[in-house]
Amino acid sequence: MTIDPRLSADARTLPLPENGLFLTDVWDGLGATPKTLSAKYFYDAAGSALFEKITVLPEYYPTRTELRILDERGPEIAAHLPEGAALVEFGSGSTVKLRRLLRHLPGLSAYVPVDVSAEFLHEQAEVLKGDFPDLPIEPVAADFTRPFALPSSLSGRPLAGFFPGSTIGNFEPAEAARLLDGFGRILGEGATLIVGVDLVKDRDVLEAAYDDAARVTAAFNLNLLHRINRELAGDIDLDSFMHRAVFNEAESRIEMHLVSRVAQTVHVAGRAFAFTQGESIHTENSCKYTIASFRALAARAGWSALDAWTDSEGLFSVHALRRMG
Ligand code: AVJ
């Protein structure tokens, strides 16, 4: 595709395919009814820094709760991974959660972080090598939502997958099942999958976690508009949109929206998009499960339940699954 000449100089210095995709996704999303933007675009440098702040907010229970489960249940989780297994992490992010698990997995034969960002992958691998010098690390630069090949050096080894953080919640159930089935095709029959899944709970607790008093989540959501302005020559007035987080009980998901306070027309790379007052851009779904509803989803995707662990308040869950033949 060709890049619109009205893009900012900053935008045109970005790698063309990536930037071109962002532009077409934004044009498509703002042109749709209802308007949407993909949550995957939250994580530029500013968005990633804001997400790090979210993970330590008093209202945002998922990160600290999952870490506690991995700490306390590490030995039980480890018991489901065969000796000599290679551990494949889908979307490796920071290594904080992995480190908690690694302490309990002395018999691991390799760690295989998978991430779209090759640069980030290699940085993280270097840091990890310093702390776990005996663990072979075999990074794979790939988009985990698409099929990809594991390094041939792993052939014949038992495989396990790790997908923490309730990232699975960003996918609608049908997509989530496709993703889990894809992991199964990559890991193969008999593989173990350790996956972190946020649980359904009181609306007040859920909504506070996505609309915190310090307004960090609001800033995280609004940063998407800032990013559009900066990278795609947008003219969106950030003050004319407000952050909204609601629990959609029927769909069992937290939805994040950016709601236009006024009737207005905004422009992105020369294209105009009209908003009525109160019209929203749906920016994220964060699906919530019960232990049973997640097991049912996993079963549809070819995984049987081995075990599941929660914290004492039942806020978050970690599942161990086995790939069926
Ligand atoms: C990274 C997708 C797990 O859904 O809780 C946090 C993202 N959005 N606050 C989540 C997020 C707003 C987060 N995930």
Side-chain angles (χ1 to χ4, degrees), residues 55 62-117 120-121 124-125 127-129 131-132 135-145 148 150-151 154 157-171 176 179-198 289 294-295 297-298 301-310 316-323:
T55 64
T63 308
R64 79 175 68 89
T65 309
E66 183 177 36
L67 283 171
R68 198 178 314 132
I69 296 169
L70 293 174
D71 274 341
E72 290 174 1
R73 305 302 200 143
E76 290 168 56
I77 297 169
H80 291 289
L81 272 69
E83 184 71 23
L87 184 69
V88 179
E89 182 171 5
F90 298 102
S92 51
S94 88
T95 57
V96 178
K97 286 167 189 163
L98 171 80
R99 284 161 184 274
R100 304 288 175 115
L101 198 56
L102 280 184
R103 291 186 207 160
H104 304 284
L105 299 172
L108 214 61
S109 67
Y111 169 59
V112 185
V114 180
D115 200 278
V116 265
S117 165
F120 182 79
L121 257 177
Q124 294 290 316
V127 182
L128 202 63
K129 255 176 211 157
D131 295 335
F132 297 87
L135 179 67
I137 303 176
E138 308 222 29
V140 175
D143 174 352
F144 67 73
T145 64
F148 65 90
L150 291 173
L154 301 182
R157 283 200 230 168
L159 294 176
F162 186 41
F163 194 45
S166 204
T167 307
I168 192 76
N170 264 177
F171 299 84
L179 186 66
L180 291 178
D181 182 51
F183 292 172
R185 286 165 195 270
I186 289 162
L187 297 172
E189 186 182 345
T192 308
L193 181 64
I194 306 299
V195 47
V197 182
D198 196 14
Y289 293 89
F294 184 73
R295 283 181 168 165
L297 175 90
W303 293 90
S304 61
L306 289 173
D307 213 338
W309 303 270
T310 65
F316 198 91
S317 64
V318 174
H319 292 249
L321 307 170
R322 170 123 316 144
R323 180 67 172 181

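Every value quoted in this text rests on a predicted model; they were computed, and no experiment measured them.
Residue Leu87 holds its CG atom at 11.5 Å from CD1 of Ile137, rounded to the nearest 0.5 Å. Distance check: Phe144 CZ to Ile186 CD1 gives 10.5 Å after rounding to the nearest 0.5 Å. Rounded to the nearest 0.5 angstrom, Arg322 CZ and Glu189 CD are separated by 10.5 Å. Residue Leu70 holds its CG atom at 10.0 Å from CZ of Arg103, rounded to the nearest 0.5 Å. The line from CG of Leu321 to CG of Leu297 is 9.5 Å long, rounded to the nearest 0.5 Å. How far NZ of Lys97 is from CG of Leu101: 12.0 Å, rounded to the nearest 0.5 Å.
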Check against side chain to side chain contact (heavy atoms under 4.5 Å, CB included), Thr95 and Leu102: CA-CA 10 Å; Thr95 57; Leu102 280 184; over 6 Å; no
Side chain to side chain contact (heavy atoms under 4.5 Å, CB included) between Ser92 and Leu98, intermediate numbers included: CA-CA 8 Å; Ser92 51; Leu98 171 80; over 6 Å; no
Worked verdict on Arg99 versus Asp131 for side chain to side chain contact (heavy atoms under 4.5 Å, CB included): CA-CA 9 Å; Arg99 284 161 184 274; Asp131 295 335; 2.6 Å; yes
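Using cut-offs of 30° and 60° on the angle between ring planes, the pair Phe148 and Phe90 is perpendicular.
Taking a cutoff of 4.0 Å between a charged side-chain nitrogen and a carboxylate oxygen, Arg323 and Asp181 qualify as a salt bridge.
Side chain of Ser166 to backbone of Asp198: a donor-acceptor contact under 3.5 angstrom is found. Side-chain N or O atoms of Glu89 include none that pairs as donor or acceptor with a backbone N or O of Phe162 at under 3.5 Å. Using a distance-only test at 3.5 Å, with no hydrogens or angles considered, no donor-acceptor pair links the side chain of Thr55 to the main chain of Thr63. A donor-acceptor distance shorter than 3.5 angstrom exists from the side chain of Ser317 to the backbone of Val197, with no hydrogens or angles considered. Formation of a donor-acceptor pair under 3.5 Å by the Trp303 side chain with backbone atoms of Leu193 is not found in this model.
The shortest side-chain heavy-atom distance between Phe132 and Tyr111 does not fall under the 4.5 Å cut-off. Contact check for Val140 versus Val88: no side-chain heavy atoms found under the 4.5 Å cut-off. Looking at heavy atoms from C-beta onward, Val195 lies out of side-chain contact with Phe183 at the 4.5 angstrom threshold. Residues Ile194 and Pro164 are not in side-chain contact: their nearest non-hydrogen atoms beyond the backbone lie 4.5 Å or more apart. Between Ile77 and His104 the shortest side-chain heavy-atom distance does not fall below 4.5 Å.
Ser117 and Asp115 share no side-chain donor-acceptor pair at under 3.5 Å.
In Arg185, the CZ atom is not crowded: 12 or fewer heavy atoms of neighbouring residues, nucleotides or ligands sit closer than 6.0 Å.
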